[in-house]
Visitor: 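Attaching a single structure in structure tokens format; questions to follow.
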Amino acid sequence: MGDLNRARDGSVISRRIVCNKEGYRKSHRYQQKQNLGTSAAERKRRHRAVTRVGCKAKVGFTRQKSGRWVVKSLVKEHTHPLAAATQLQDQRSIGTRVYQIPAADERIRQLSDELLMERKRSASLRGYVDQLLNHIEEHTEGLTRKIQHIVEKVKMIDSEGKNS
């Protein structure tokens with residue numbers, strides 16, 4: 001996230017990239033009504049998760065006249081916990097769109113981890129069931145061939161008995 005400045009000819013001359021948790025969310029009318037005594041049950045909109053926590057991390061670039069880009073400002077300190085790369089991959093694989101987990105939501109992280117483990121276990125069990133069904137199908141086909149062979153033999157014996 002961030003912003004940029006352009007020259008009159010439209011080319012980018014500076015760019016600022018900030019953390020996606022920079023600043024704070026704007027207050028809305030329904031939140032202002034809540035402060036005036038409106039209960040949570042009376043609101044029509046539900047609260048969204050807190051995504052902005054006033055993080056100051058950013059990096060700024062400017063383009064010099066020579067065309068080279070130079071780092072103008074750099075603030076590395078995030079004011080919130082960062083998700084590990086393994087958490088990011090696990091969360092993306094289960095389809096959630098949460099990329100950073102606040103420390104206050106530890107229970108949500110634990111439940112997400114448990115859900116991921118259950119999905120992996122379910123996929124493993126699904127593989128075993130598929131193998132079992134394939135084995136049963138092969139066995140059934142073998143039994144069908146044997147029964148068909150027995151039926152043909154019985155018909156042949158029966159036809160020989162009628163002919164004699």
Visitor: Applying side chain to side chain donor-acceptor pair (under 3.5 Å), name anything that partners R126, two or more places apart in sequence or on another chain.
Guide: S122
Visitor: So, taking the atom named CG in L132 and the one named CG in L125, what distance separates them when rounded to the nearest 0.5 Å?
Guide: 12.0 Å
Visitor: Does any N or O in the side chain of T144 come within less than 3.5 Å of the main-chain N or O of T140, such that one atom is a donor and the other an acceptor?
Guide: yes
Visitor: Check step by step if side chain to side chain contact (heavy atoms under 4.5 Å, CB included) holds for M156 and K153.
Guide: CA-CA 5 Å; M156 187 175 72; K153 289 284 187 180; 4.1 Å; yes
Visitor: Between H78 and C55, what is the shortest heavy-atom contact and its length?
Guide: ND1-SG, 3.4 Å
Visitor: Between D113 and M117, is there a side-chain heavy-atom distance shorter than 4.5 Å?
Guide: no
Visitor: Supply the atom-to-atom distance L4 CG to I17 CD1, rounded to the nearest 0.5 angstrom.
Guide: 10.0 Å
Visitor: Can you sort out the partners of E141 under side chain to side chain contact (heavy atoms under 4.5 Å, CB included), two or more places apart, ordered by chain and number?
Guide: E137, R145
Visitor: Partners of R121 by salt bridge (charged side-chain N to carboxylate O under 4.0 Å, His left out), sequence neighbours excluded?
Guide: E118
Visitor: What residues, two or more places apart in sequence or in another chain, satisfy side chain to side chain contact (heavy atoms under 4.5 Å, CB included) together with E114?
Guide: R107, L111
Visitor: Could you list the donor-acceptor pairs under 3.5 angstrom formed by side chains in residues 57-71, with sequence neighbours left out?
Guide:
| from | atom 1 | to | atom 2 | distance (Å) |
| --- | --- | --- | --- | --- |
| R63 | NH1 | V12 | O | 3.4 |
| R63 | NH2 | S11 | OG | 3.3 |

Visitor: Enter the distance from H135:NE2 to L133:CG here, rounded to the nearest 0.5 Å.
Guide: 11.0 Å
Visitor: Got a sec, which hydrophobics cluster with I147, joining ILVMFWY side chains under 4.5 Å apart, including via others?
Guide: V151
Visitor: Check the pair S14 / K72 against side chain to side chain contact (heavy atoms under 4.5 Å, CB included), numbers first and verdict last.
Guide: CA-CA 9 Å; S14 70; K72 181 180 174 182; 6.0 Å; no
